[in-house]
Peer 1: 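Dumping the structure here so I can ask a few things about it.
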2 protein chains.
Amino acid sequence: MGTTARKKSAKKELILATAAAMFREKGFAASSMRDLAEKIGIEAASLYNHIQSKAQILEEIIDGVSEKCQAHLDHLEKSNSSSLEKIESLIRFHTGMMMNLFEAYSVMVGQWMHLEGDKLLDFVANRREYVKKMEAIVEAGIQKGELKSLTPYVVVLNILSAVRGLEFWQRSAKTHTAKEMEDNIVIHLIGGIKK
Amino acid sequence: MGTTARKKSAKKELILATAAAMFREKGFAASSMRDLAEKIGIEAASLYNHIQSKAQILEEIIDGVSEKCQAHLDHLEKSNSSSLEKIESLIRFHTGMMMNLFEAYSVMVGQWMHLEGDKLLDFVANRREYVKKMEAIVEAGIQKGELKSLTPYVVVLNILSAVRGLEFWQRSAKTHTAKEMEDNIVIHLIGGIKK
DNA sequence: CCTACCGATCGGTAGG
DNA sequence: CCTACCGATCGGTAGG
């Protein structure tokens with residue numbers, strides 16, 4: 001990251017991370033700037049030395065995750081893997097994001113509707129485009145005879161929804177490891193489309 | 001039932017239905033009693049002649065859906081269908097709920113965390129029990145050799161998550177019918193566990 | 001079902 | 001990063 005304008009102070013990162021945890025748990029609207037400040041150990045007014053508004057916190061959390069997803073898909077589209085390999089890569093990438101960026105990823109998929117104005121419109125447009133690109137990968141696999149003839153839109157929705165379902169999984173319970181969860185999602189969802 | 005009681009009941013149903021639509025769209029915390037009253041065409045204070053509190057509205061919406069799910073599963077457990085038939089029934093029941101009780105079902109799966117006190121504890125306990133019962137059905141299918149040896153918990157999560165993913169589906173777009181969505185979910189998710 | 005109103009809390013600002 | 005504070009809005013009540 002170095003000296004670019006995108007560099008963020010440690011305090012701002014702390015605010016974003018703490019806010020992500022709070023937004024995920026209680027929802028954006030039910031999270032107050034006073035509660036956020038208290039968790040960090042400062043007064044509410046002091047938050048505004050690091051961020052401009054509550055809305056901006058949400059935007060930055062979501063943009064950070066969204067850009068990583070876009071980058072992965074762009075890279076995947078250029079590869080010459082098989083359709084099945086690409087779909088497995090998508091499943092493993094998204095489960096990995098859910099595991100490693102749990103709070104931020106959950107906020108993206110569950111709190112995006114609290115974005116405002118152009119930020120909301122952009123997110124919805126980007127998400128639709130992302131889904132369309134995933135559909136195209138599924139469609140190509142069907143055309144090549146690698147996959148069953150299913151509605152690509154449903155396959156894409158099932159994959160993204162299954163990943164989202166991991167939010168419900170209790171990591172602390174330790175009854176199932178992250179690897180077991182991920183592998184079983186792959187087997188179930190790849191198994192259901194493989195010809 | 002007298003005329004007054006019938007009117008009051010109809011009005012309460014209108015409040016619950018209007019609130020469900022609003023809670024689903026904006027989230028529970030971001031929905032105000034004033035906005036709710038305005039959509040119905042009365043003053044905010046008048047709502048309290050029909051309901052006791054904002055929290056109670058959420059409770060009644062969720063309880064209504066939750067009880068229907070419990071009833072279906074209880075009935076299914078007593079049937080002597082095969083494991084695969086039971087799982088398909090679960091998928092089709094939940095997709096049907098999502099299609100026909102769209103607002104209320106979405107509020108249950110997306111707004112339950114705004115329940116308070118015992119209502120929250122009860123919901124979480126009931127949901128865990130529901131998942132355990134679904135897992136038992138999957139487990140029985142594995143034991144009988146009907147299904148692949150997958151982690152039942154993941155299969156259950158994938159099924160319930162796929163149904164939840166239908167919230168994202170734009171019914172108005174008409175590019176895919178309800179039946180196409182449901183059938184494709186069944187083929188994908190049953191296909192992935194069938195031995 | 002309304003008017004009038006309550007105390008609490010919200011996001012955010014001014015000024016140091 | 002703080003104290004002090006703003007106007008707006010919240011869920012809900014009293015009384016008719």
Side-chain angles (χ1 to χ4, degrees), chain A residues 8-62 107 111-120, chain B residues 1-63 107 111-120:
Chain A
K8 296 166 186 167
S9 74
K11 196 59 160 247
K12 182 167 179 181
E13 288 297 338
L14 177 63
I15 292 171
L16 293 181
T18 307
M22 185 177 278
F23 292 172
R24 186 203 69 81
E25 191 186 328
K26 311 204 297 180
F28 177 76
S31 299
S32 78
M33 296 300 272
R34 281 163 179 78
D35 285 348
L36 175 58
E38 195 179 5
K39 285 206 179 186
I40 292 170
I42 59 177
E43 292 300 316
S46 304
L47 290 170
Y48 293 87
N49 287 300
H50 304 282
I51 50 95
Q52 290 168 26
S53 65
K54 190 186 177 187
Q56 189 212 12
I57 295 176
L58 182 65
E59 290 161 14
E60 295 211 13
I61 291 168
I62 291 178
V107 167
Q111 304 296 321
W112 60 267
M113 68 287 290
H114 297 290
L115 291 169
E116 289 169 2
D118 286 348
K119 293 288 181 177
L120 177 60
Chain B
M1 189 186 283
T3 304
T4 305
R6 203 183 307 121
K7 269 186 186 170
K8 207 158 190 177
S9 165
K11 196 59 158 252
K12 181 169 178 178
E13 287 300 326
L14 177 62
I15 292 171
L16 294 181
T18 308
M22 184 177 280
F23 292 172
R24 186 203 70 79
E25 192 186 328
K26 309 205 297 179
F28 177 76
S31 300
S32 79
M33 296 300 273
R34 281 162 178 79
D35 284 349
L36 174 58
E38 195 179 4
K39 284 205 177 185
I40 291 169
I42 59 177
E43 292 299 317
S46 304
L47 290 170
Y48 293 87
N49 287 300
H50 305 282
I51 50 93
Q52 290 167 26
S53 65
K54 189 185 177 188
Q56 188 212 11
I57 295 177
L58 182 65
E59 290 161 14
E60 295 210 15
I61 292 168
I62 291 178
D63 283 350
V107 167
Q111 304 296 322
W112 61 266
M113 68 288 289
H114 298 289
L115 291 169
E116 289 169 1
D118 285 349
K119 293 288 183 178
L120 177 60

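Every chain is numbered from 1 and lettered A, B, ... according to where its sequence line falls, protein lines coming before strand lines.
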Peer 1: Would you indicate whether the side-chain heavy atoms of B/Gln111 and B/Ile61 approach each other to under 4.5 Å?
Peer 2: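 No, every pair of side-chain atoms sits at 4.5 Å or beyond.
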Peer 1: Looking at CD1 of B/Ile57 and CD1 of B/Ile15, how far apart are the two atoms once the value is rounded to the nearest 0.5 Å?
Peer 2: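 So the CD1 of B/Ile57 and the CD1 of B/Ile15 are separated by 6.5 Å.
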Peer 1: Return the 5'-most residue of the pair A/Gly41, A/Arg34 with respect to DNA chain D, ranking by each residue's nearest nucleotide.
Peer 2: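 Mapping each residue to its closest nucleotide by heavy atoms, the 5'-most match is A/Gly41.
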Peer 1: Quick one: closest heavy-atom pair of A/Arg34 and A/Ala44, and the distance?
Peer 2: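 Heavy atoms of A/Arg34 and A/Ala44 come nearest at CG-CB, 3.9 Å.
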Peer 1: Counting only Watson-Crick or G-U wobble pairs whose two distances fall under 3.5 Å, which nucleotide matches D/dA14?
Peer 2: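 For D/dA14, the partner nucleotide comes out as C/dT3, under the 3.5 Å rule.
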Peer 1: Got A/Ile40 and A/His50 here, is their nearest side-chain heavy-atom distance under 4.5 Å?
Peer 2: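 No, their side chains stay 4.5 Å or more apart.
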Peer 1: Of the options D/dT13, D/dA4, C/dC2, whose atoms approach the side-chain atoms of B/Ile42 most closely?
Peer 2: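 From the listed options, C/dC2 comes nearest.
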Peer 1: Expressed in angstrom and rounded to an integer, what is the separation of B/Gln56 atom CD from D/dG11 atom C1'?
Peer 2: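 Atom-to-atom, B/Gln56 to D/dG11, this comes out as 14 Å.
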Peer 1: Select one nucleotide: of C/dC2, D/dC1, D/dA4, the one nearest the side-chain heavy atoms of A/His50.
Peer 2: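 The answer is D/dC1.
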Peer 1: From D/dG12, C/dG11, D/dG11, pick the nucleotide closest to the side chain of B/Ser53?
Peer 2: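 Out of D/dG12, C/dG11, D/dG11, the nucleotide with an atom closest to B/Ser53's side chain is D/dG12.
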Peer 1: Is A/Lys11 near enough to D/dC1 that one of its side-chain N or O atoms lies under 4.0 angstrom from OP1 or OP2?
Peer 2: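 True: A/Lys11 side-chain N/O within range (under 4.0 Å) of D/dC1 OP1/OP2.
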Peer 1: B/Glu43 has a side chain; which of C/dC2, D/dG11, D/dC1 sits nearest to it?
Peer 2: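 For B/Glu43, the side-chain atoms sit closest to C/dC2.
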Peer 1: Whole angstroms only, please: what is the CG-C1' distance between B/Asp35 and D/dT9?
Peer 2: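 About 10 Å, once rounded to whole Å.
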Peer 1: Among D/dC1, C/dC10, C/dC1, which nucleotide sits nearest the side chain of A/Asn49?
Peer 2: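 Shortest atom-to-atom distance from the side chain points to D/dC1.
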Peer 1: Report the distance from atom CG of A/Leu47 to atom P of C/dA14, rounded to the nearest whole Å.
Peer 2: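 Checked: the CG to P distance equals 17 Å.
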Peer 1: For the side chain of B/Ala45, counting heavy atoms from C-beta on, which of C/dG11, D/dT13, C/dT13 is nearest?
Peer 2: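 Selected nucleotide: D/dT13.
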Peer 1: Grab the NZ-P distance between B/Lys12 and C/dC1 for me, whole Å please.
Peer 2: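 The answer, rounded to whole Å, is 15 Å.
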Peer 1: For B/Ser32, is there any backbone N or O sitting under 3.5 Å from a side-chain donor or acceptor partner on B/Lys26?
Peer 2: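 Between the backbone of B/Ser32 and the side chain of B/Lys26 there is no qualifying donor-acceptor contact (under 3.5 Å).
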Peer 1: Take A/Ala30 and A/Gln52, find for each the nucleotide of DNA chain C with the closest heavy atom, and name the residue whose nucleotide sits nearer the 5' end.
Peer 2: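 The residue whose closest nucleotide sits nearer the 5' end is A/Ala30.
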Peer 1: Send over the distance from B/Glu38 CD to D/dT9 P, rounded to a whole Å.
Peer 2: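 After rounding, the reported distance stands at 12 Å.
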Peer 1: What's the closest nucleotide to the side chain of A/Met33 if the choices are C/dC2, C/dG12, D/dG11?
Peer 2: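 Comparing C/dC2, C/dG12, D/dG11 against the side chain of A/Met33, the answer is C/dG12.
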Peer 1: Write down the distance between CZ (B/Phe28) and P (D/dC10), rounded to a whole number of angstrom.
Peer 2: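 Checked: the CZ to P distance equals 13 Å.
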Peer 1: Within this structure, what is the CD1-to-C1' distance between B/Ile15 and D/dG11, rounded to whole angstrom?
Peer 2: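 Those two atoms, CD1 and C1', are 15 Å apart.
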Peer 1: To the nearest Å, how far apart are B/Leu36 CG and C/dC1 P?
Peer 2: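 After rounding, the reported distance stands at 13 Å.
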